[in-house]
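The structure displayed is predicted, hence computed values, not measured ones.
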Amino acid sequence: MLSNDELAAWDRENLFHPSTHLGQFARGEAPQRIVTGGEGATITDRDGNRLLDGFAGLYCVNVGYGRPEIAEAIAEQARALPYYHAYAGHGSEAAIRLAKMVLDRAPAHMSKVYFGLSGSDANETNVKLVWYYNNILGRPEKKKIISRMRGYHGSGLMTGSLTGLELFHRKFDLPLDRVLHTQAPYYFRRPDPAMSEADFTAFLVAELEALIAREGADTIAAFIGEPVLGTGGLVPPPPGYWPAVQEVLARHDILLIADEVVTGFGRLGSMFGSDHYGLKPDFITIAKGLTSAYAPLSGSIVSDRVWKVLERGTDENGVIGHGWTYSAHPLCAAAGIANLELIDRLGLVEAAGKVGAHLNARMTEALGDHPNVGEVRGAGLLCAVEIVRDRDTRTFFDAAEGVGGKVVAAMMRRGVIARAMPQGDIIGFAPPFCLTTAEADRIAETTAEALREVLG
């Protein structure tokens, strides 16, 4: 085994880390952690530190670390059939079974699942299929996609454009044409403090209507949104938001893509965020919770009405020209089957709702009166703490002060992992579904201690 020092040096010299300050990391100025194991909601690094993972990796290790059932399912599949492609009607039992399991859990009007490897490539698939759909229907101008400021939908070319966070656009020549952004349903950051939630929902709908009017409904193909805003701040929508948005989309014949990479398979205490908020999407994007990140797998779930047009398209034009080498990969599908079976057997969807409510209540109790806490918010097993300079005036700290990052670092020193979310001093939590109430209490207490260390 390599020594820690040697492995650390190789890491800085050879590995390109995503979402990292490359210069600082290469020079040894930025933190480095080499993770070696995990069990339940806890990970272990090469130095022997045990850390309570309050973010489930990247919202994804939903069933927790160290589940032998999933590891064994992957190994068994590898011994039997490590790979075969899904092109031209080929399939594997694992991929076929998983597709049925997904559709058995999805809203009733969904029809087929296309499997990829990441949420980013799933949303690229969705956009391509939206364009194909409108071409088949003879609407070549109906191609623009509306996303939302602060939304997160991936970091590819099109998906990075859909993402409404400046970090993912800066110096990348994004967003690309055909992508539009409307206001985020972020009540704490409403433009007028006097607005009620109902007023704010009406404002958001008016902004959406105005955007459609400016661009022309005949040029707009789809609207994409997360049921709960994720990386942009972990923000549940205000009451009435999704029914009102869906009414606008239906009236203008604009498809709805529900990006459920974070919310799919239980994080809100419901199997899908679409169920939770009464959505009837044309596409559902899935990834993280599909395998709990034990293997890379994503999916684009296509509705009945879209599928019928796709069939018509191939009747008129031949084989559909879309596919990835690793689509419906048998090893990943085997992980997905074992993961969904485990979620069912252990009642983890219900557990996420119950422990999530406890975490949000404890966080509010521990931090709600702090003068620098503007808001504690959450839904299911998602929670966020928004830190401000002055809560009464909603005055924010300057980004250069890095307050959120300092709080997260103070938590890490106490053995708890949280995430500093982009574009604000927002501390995010999305723990594994197996989190205990005692572990939830520890997360809340540690957050309070770290905040006191940084801000008093």
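Of the possible polar contacts, one joining the Asp199 side chain to the Ser196 backbone as a donor-acceptor pair under 3.5 Å is found. Between the side chain of Arg267 and the backbone N or O of Leu381 there is at least one donor-acceptor pair closer than 3.5 Å. Checked by atom type and distance alone, the side chain of Gln24 never pairs as donor or acceptor with a backbone atom of His21 at under 3.5 Å. With Thr291 contributing its side chain and Ala295 its backbone, the two residues share a donor-acceptor pair below 3.5 Å. In this structure a side-chain-to-backbone donor-acceptor pair under 3.5 Å is missing from Thr201 to Ala198. Gln423 places a side-chain N or O within donor-acceptor distance of the main-chain N or O of Glu166, the cut-off being under 3.5 Å. No donor-acceptor distance shorter than 3.5 angstrom exists from the side chain of Trp324 to the backbone of Gly116, with no hydrogens or angles considered. Here the side chain of Ser147 pairs no donor or acceptor atom with the backbone of His181 at under 3.5 angstrom. Here the side chain of Ser270 pairs no donor or acceptor atom with the backbone of Gly273 at under 3.5 angstrom. A donor-acceptor distance shorter than 3.5 angstrom exists from the side chain of Gln246 to the backbone of Gly278, with no hydrogens or angles considered.
Among Leu268, Val235, Leu234, Val262, the one residue that satisfies the side chain to side chain contact (heavy atoms under 4.5 Å, CB included) test with Val228 is Leu268. Each of Val113, Leu98, Asn339, Asn62 was scored for a side chain to side chain contact (heavy atoms under 4.5 Å, CB included) with Leu290, with one residue passing: Leu98.
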**Message:** Walk me through whether Ile443 and Phe429 qualify under side chain to side chain contact (heavy atoms under 4.5 Å, CB included).
**Reply:** CA-CA 9 Å; Ile443 290 173; Phe429 304 92; 3.5 Å; yes
**Request:** Tell me, with the steps shown, if Asn123 and Thr285 meet side chain to side chain donor-acceptor pair (under 3.5 Å).
**Result:** CA-CA 7 Å; Asn123 278 326; Thr285 314; 2.7 Å; yes
**Request:** List the steps and the verdict of side chain to side chain contact (heavy atoms under 4.5 Å, CB included) for Phe203 and Asp192.
**Result:** CA-CA 10 Å; Phe203 164 78; Asp192 180 354; over 6 Å; no
**Request:** Take Arg377 and Tyr186 through the side chain to side chain donor-acceptor pair (under 3.5 Å) test and state the conclusion after the steps.
**Result:** CA-CA 11 Å; Arg377 57 177 176 265; Tyr186 197 157; 2.8 Å; yes
**Asked** Going through the distances and angles, do Ile43 and Ile417 end up as a side chain to side chain contact (heavy atoms under 4.5 Å, CB included)?
**Response** CA-CA 10 Å; Ile43 63 166; Ile417 297 171; 3.6 Å; yes
**Request:** Starting from the C-alpha separation in whole Å, work towards a yes-or-no answer on side chain to side chain contact (heavy atoms under 4.5 Å, CB included) for Thr263 and Glu226.
**Result:** CA-CA 8 Å; Thr263 56; Glu226 304 147 283; over 6 Å; no
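The ring-ring contact (aromatic ring centres under 6.0 Å, His included) test applied to Tyr59 returns Phe55, not counting sequence neighbours.
Taken to the nearest 0.5 Å, the CZ atom of Phe16 stands 12.0 Å off from the CZ atom of Phe25. Expressed to the nearest 0.5 Å, how far CE of Met363 lies from OG1 of Thr447 amounts to 4.0 Å. Here the straight-line distance linking atom NE2 of His17 with atom CG of Leu22 works out to 9.5 Å at 0.5 Å rounding. If you take OG1 on Thr42 and OH on Tyr65, they are separated by 9.5 Å, rounding to the nearest 0.5 Å. Expressed to the nearest 0.5 Å, how far CG of Leu180 lies from CD of Glu215 amounts to 4.5 Å. One finds the CD1 atom of Ile257 at 5.5 Å from the CD1 atom of Ile145 (value rounded to the nearest 0.5 Å).
Between Asp344 and Arg105 there is a salt bridge, with a side-chain nitrogen of the basic residue lying less than 4.0 Å from a carboxylate oxygen of the acidic one. Between Glu209 and Arg251 there is a salt bridge, since a side-chain N of the basic residue sits under 4.0 Å from a carboxylate O of the acidic one. For the pair Lys128 and Glu124, the salt-bridge criterion is not met [side-chain N within less than 4.0 Å of a carboxylate O]. Contact check on Asp253 versus Arg139 returns a salt bridge, with a Lys/Arg side-chain nitrogen under 4.0 Å from an Asp/Glu carboxylate oxygen. For Arg189 and Glu386, the salt-bridge test passes: some basic side-chain N is under 4.0 Å from an acidic carboxylate O.
Minimum heavy-atom separation, His109 to Pro281: NE2-O, 2.7 Å. Taking each heavy atom of Pro236 and Ala379 in turn, the nearest pair found is CG-CB, 4.0 Å. Closest approach of Ser92 and Ala328 over heavy atoms only: OG-O, 4.4 Å.
Between Arg312 and Leu137, the closest side-chain pair of non-hydrogen atoms falls below 4.5 Å. For the pair Leu204 and Tyr241, the minimum side-chain heavy-atom distance is below 4.5 Å. Counting heavy atoms from C-beta outward, Phe272 and Leu279 have side chains that stay 4.5 Å or more apart. Looking only at side-chain heavy atoms (C-beta outward), Ile146 and Ile224 stay at 4.5 Å or farther from each other. A heavy-atom distance below 4.5 Å is not found between the side chains of Pro140 and Asn134. Considering only heavy atoms from C-beta on, Leu174 stays 4.5 Å or farther from Thr163 through its side chain. By the 4.5 Å heavy-atom criterion applied to side chains, Pro431 and Asp53 are not counted as neighbours. Looking only at side-chain heavy atoms (C-beta outward), Ile427 and Met411 come within less than 4.5 Å of each other.
Using the six-membered ring where Trp is involved, Tyr87 and His85 have ring planes that are perpendicular, over 60° apart on the 30 and 60° scheme. Relative orientation of the Tyr152 and Phe168 rings is perpendicular, given thresholds of 30° and 60° on the angle between their planes.
For Tyr326 and His329, the gap between ring centers is short of 6.0 Å. Here the two rings, on His322 and Tyr114, have centers that are under 6.0 Å apart. In this structure, the ring of His90 has its center less than 6.0 angstrom from the ring center of Tyr84.
Annotation: Lys143, atom NZ; neighbour count of heavy atoms from other residues, nucleotides and ligands within 6.0 Å is above 12.
Under the side-chain hydrogen bond (donor to acceptor under 3.5 Å, both in side chains) criterion, the residue pairs touching residues 296-308 are Asp121-Ser298, Asn126-Ser300, Asp282-Arg305, Trp307-Glu311, with sequence neighbours excluded. Counting only residues at least two apart or in different chains, side-chain hydrogen bond (donor to acceptor under 3.5 Å, both in side chains) contacts with residues 66-83 comprise Glu69-Arg345.
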